[in-house]
Structure formats: C-alpha cells, structure tokens
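Computed from heavy atoms alone, side chains included, the values below leave out hydrogens, waters and symmetry copies.
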Amino acid sequence: MANDIYNSPFAARYASKEMQYIYSPDFKFKTWRKLWIALAEAENELGLSVTKEQIEELKAHADDINYDVAREYEKKFRHDVMSHVHAYGEQCPTARPIIHLGATSCYVGDNTDVITMREALLLVKKKLVNAIAGVAKFADEYKDMPCLGFTHFQPAQPTTVGKRATLWLMDLVMDLNEVDHVLDTLMLLGSKGTTGTQASFLELFDGDHEKCKELDKKIAEKMGFKACFPVSGQTYARKLDTIVCNCLALIAQSCCKFSNDLRLLQNLKEIEEPFEKNQIGSSAMAYKRNPMRSERIASLSRYVMIDALNPAWTASAQWFERTLDDSANKRVSVAEAFLAIDGILDLFINVTSGLVVYPKVIEARLMSELPFMATENIMMDAVKKGGDRQELHEKIRQHSMAAGAVVKVEGGKNDLVDRIAADPAFMTTKEEILAILKPENFVGRAPEQTADFLNEVIKPILDENKDLLGVEVEINV
C-alpha cells in the first residue's frame, strides 16, 4: 500500500482477503458481465434477435476485463456503466450491438449490489458458524466449573463457566437465524427499466407482458435467486440495505457483549484472551496484559451498530422512483459494515479459540462470597435442630453486616463462617458449615442446562452446517 495516500484500516488491519475481494472492483465488474450474459441468454430464450454466437463471445470474455480500456472510456463518457459496456464491446465485436439491451445502469449496479451482499452474507454465515463451534467447545469443557454469578456486576448466585458461555452462544444462535432468514428472502432487482415499469422491454417484446414477467424469472434463476422484486422503481427498495445492515448490527451486538464480559473477567483475573509470547501490552507499563483484541471487537462493533443508521436514512430519503443521493452513502456504508463485521468475527474466533482460564482465581472469588449465599441453608439446618427462624434470621443479618465490614472497611477476609460457628444459637460447627459450602451445591441446573443446550440446540446447527466448519482466521495486528 502507498504511504502517501489514505489507506483504509479495513484493508490494512481488519477485514480478511476474502471479504475484501467480495467488495473489490474485480468482483463487481465480473458480476456485471455475468449479468449481461444472463440478460442476453434470457432475451435469446424469449425470442429476441440475440444469437448463440453472441452469447458465446460474451462468455469467452467474462473474466478478462480490459480495465485500461474501460478507464479511457470513463474519461470520455463520465459514466461507469457505459464505459464498461463499450470496453466489453471492444472484446466482443459480434455481441457489441446487444450488450445491455433494454437495460438501465441499475440492472448491473443494483443486481450486483444484491449479489455482493449475498456472497458477503455467506462468508459471514461461515464465520458465525465457526464462532458458535468455538464457544460451544469452551462451554462443554467448562460446563461443570462453578463460578460466581453476577447481576448488576454485583455478586449473585453461582453459575458455571460453561453456562455463562451459553449466554454468548444464545445470542449468536439468534444472529444465525436472522442471517439465514435474510439469505432465504433476498431478491434481485431484475430488469425493471428507468422507472420500474419495464417499458423498454415491453417495446422489445412487442407488447408481450408475459415475456416481460418471464424475463425477470429467468434472470433470477440464472443468477441463483428465487425471485426478483415484484415491483420497484428504478432501483430495488433501499430498505433491503437496512435489513441487511441491521442483521450485521445484531452480530455486532452479540460480539460486543461477549467482549465486554471478557474484559471484565480479565480484570477479575478469571479468564483472559490469548496473549502471545512477544506481545506488548503497554508501551509504558511492561507488566500489562491489555485485552486489546476484545477492545477492538467492542470498537468495531460500535461502528457497525451506528453504521446501520446510514441505510435507514437512505431508505427514508428516496424520492418517488429514485434519487441519486443514495449512491455515495450506500457504497461506503454497506461495504464497510461487511468489512467491519468480518474483522469482528475473525477476532471473535481467534479470542474464543484460545481463552485462558484460571480455576484457582475463580474458586477463590466464589468461596469468598459463598458464605453469604449459604446463610439460608445454614439457617434452615439450625431451625431443624430446634432454633427460632426469626431470631436466627436477625443474627445472620448482624453477622453478615459485621463480616462485610471486615472485608470492605478493614480489607480482611470474609469471617462469616467463623462468626456463625461461634454463635451457639446455630448449634453447628465450622466443619459442618464448610461441608455445606460446596460450590457445586449452589449452581442449580447450570451443568445440565449447558449440556442440554449444546445437545439440543447447538449440535443440530453444527451438523447442518458441517461443511462450513474449519475456517482459518488471521489477525494482522
């Protein structure tokens, strides 16, 4: 990359080569040629004077695009589509008269945008499935490991490390469902003409309305789609871009939530993201292990979530059958939403494949809080021995406040167990209390919930998408 002009961080740092190619000029212009071929084939099949020889000539030059020639024509015409029509025509002199026959610029422009979004969504789906597989493996490995649960980031009932991971998984499952839905319902623009009326094609087909309808069906089939938009202006409904980018924003929300959880866990020293041998955490503080990949997930996710507003505004601002204030915005906002989510998923896969768990720290934190959570069990045992529930409740409240003060005010250790054992009202010993304080007794159905979820929800997803598994990701910085 040149160092004296702006370089997009998506190309230099974040997005994969696969996603960058999908949004490259080469993919775009090769798709234009595929669409011109599909149009010519459909017109031939519907009886227009387009010959097999012309179609074969178009196919022979589908991929060897003469970019230099196209650039010269664009200087002359100031029109990107017509520059490529003429460049294609130079390579295909026999087919030259029928290239783009009856079509508008949106025939190649808008249909290519939809095709590009589909290809990008398929790559997103592939990475999303691999992200699910990685977290599922982690959840299964740690489904039985008790840890302190948090609500409001305050100590709450224990859960397990694996059960917490299923919360991340559930978000991703909902995202995958949405991606599948969007892919299943994507429609091409087809070939609708300047205001969506297909007037030019009605003229070409001598007033045959059925052939105009059949043209769209054939184009959709040839390009691998179920259908075209039944009605449109000159462009496909810009709401489609909003739907697609909202789908990406959902993935960003899930990944950002995960990254925030992990950053908090890393501060607690319970779980850390991977840290390479020679990685530097801080230029000043050599001891630091900053969660920089999780922070990057959060940063790029914020971009995607906010970027989703761009197509929403664009869709709402279209005038009648079309206006061109969508063009500059959509070519930036939609492309960068995909480039960013691609980078996010690469980071997510990288981080979750190498999470570092510290069981001793997890256990120590849980045990420091568990006495408070076990007080109801202790109280019930004392009642069974003849104690007064109301009196015991008040004593536990007083002992808990005192033990809390030791921890918070004096910086000492939680001595609630010692206080209760020393109180004759509870008729128990320290050993008996400690026997109650087994973390696995306080995690409810967390291990079983995790196992059931992985078996009943995740396994079918991974089985259905097994051909997508095994993606390799590369983190540039």
Side-chain angles (χ1 to χ4, degrees), residues 126-150 155-176 251 254-277 279 289 291 293-294 297 344-367 369-370 438-466 468-473 475:
K126 180 178 183 179
K127 294 188 176 182
L128 191 53
V129 168
N130 279 269
I132 288 170
V135 180
K137 182 180 178 182
F138 178 84
D140 185 52
E141 182 177 355
Y142 293 99
K143 63 180 179 292
D144 297 314
M145 181 180 286
C147 67
L148 185 62
F150 291 95
Q157 276 195 330
T159 182
T160 68
V161 173
K163 171 62 196 299
R164 177 175 285 146
T166 65
L167 306 186
W168 305 329
L169 273 175
M170 189 66 241
D171 286 348
L172 297 178
V173 168
M174 290 189 282
D175 298 335
L176 181 62
I251 299 171
S254 302
C255 294
C256 192
K257 197 275 185 191
F258 159 78
S259 73
N260 287 334
D261 282 356
L262 185 55
R263 289 158 69 192
L264 293 170
L265 287 167
Q266 185 148 332
N267 174 266
L268 297 173
K269 297 180 175 59
E270 292 191 10
I271 302 177
E272 292 181 346
E273 68 174 39
F275 195 88
E276 295 175 15
K277 181 180 179 181
Q279 182 176 330
R289 291 174 61 122
R293 293 176 218 185
S294 300
I297 289 173
I344 290 166
L345 286 171
D346 279 357
L347 286 163
F348 188 99
I349 292 168
N350 173 268
V351 168
T352 54
S353 67
L355 289 172
V356 182
V357 179
Y358 295 104
K360 295 294 184 183
V361 178
I362 292 171
E363 182 183 16
R365 176 162 288 106
L366 176 56
M367 294 308 296
E369 299 289 343
L370 201 56
K438 291 181 178 179
E440 58 268 24
N441 294 337
F442 295 86
V443 298
R445 295 193 62 249
E448 291 76 17
Q449 284 181 332
T450 304
D452 289 347
F453 179 70
L454 293 177
N455 186 55
E456 297 169 11
V457 178
I458 301 301
K459 187 178 183 298
I461 289 172
L462 298 182
D463 288 345
E464 182 181 347
N465 295 284
K466 60 180 180 295
L468 301 180
L469 295 173
V471 69
E472 295 290 332
V473 300
I475 307 302

Just list the side-chain donor-acceptor pairs under 3.5 Å for residues 351-360, sequence neighbours left out, or say none.
unit_1, atom_1, unit_2, atom_2, d
Thr352, OG1, Phe348, O, 2.7
Thr352, OG1, Ile349, O, 3.4
Ser353, OG, Ile349, O, 3.1
Ser353, OG, Asn350, O, 2.8
Tyr358, OH, Glu272, OE1, 3.2

### Task
Output all residues satisfying side-chain hydrogen bond (donor to acceptor under 3.5 Å, both in side chains) with Asp346, sequence neighbours left out; order by chain, then residue number.
Lys127
Which donor-acceptor pairs under 3.5 Å do the side chains of residues 163-170 make with protein atoms, sequence neighbours left out?
unit_1, atom_1, unit_2, atom_2, d
Lys163, NZ, Gln449, OE1, 2.7
Arg164, NH2, Leu148, O, 2.9
Thr166, OG1, Lys163, O, 2.4
Trp168, NE1, Asp261, OD2, 2.9

### Message
How long is the straight-line distance from OG1 of Thr450 back to CD1 of Ile458, given to the nearest 0.5 Å?
### Response
11.0 Å
### Query
How many angstroms lie between atom CD of Glu273 and atom OG of Ser294, to the nearest 0.5 angstrom?
4.0 Å
### Query
Can you tell me how far the CG atom of Leu264 sits from the OG atom of Ser259, to the nearest 0.5 Å?
9.5 Å
### Task
Kindly write out the residues that satisfy side chain to side chain contact (heavy atoms under 4.5 Å, CB included) with Asp144, not counting sequence neighbours, or none if the list is empty.
Pro447
### Task
To the nearest 0.5 Å, tell me how far Asp175 CG sits from Cys255 SG.
7.5 Å
### Enclosure of Lys257 NZ (heavy-atom neighbours >12, cutoff 6.0 Å)
yes
### Summary
Rounded to the nearest 0.5 angstrom, the CG-CG distance for Leu176 and Asp171 is 13.0 Å
### Message
Just to verify, what does Asp452 make a side chain to side chain contact (heavy atoms under 4.5 Å, CB included) with, not counting sequence neighbours?
### Response
Arg445, Glu456
### Task
List for me each residue that meets ring-ring contact (aromatic ring centres under 6.0 Å, His included) alongside Phe138, sequence neighbours excluded, and say none if there are none.
Tyr142
### Query
Would you call Pro291 and Leu262 a side-chain contact if the rule is heavy atoms closer than 4.5 Å?
no
### Message
Please report the interatomic distance CG(Leu370) to CD(Gln157), rounded to the nearest 0.5 Å.
### Response
10.5 Å
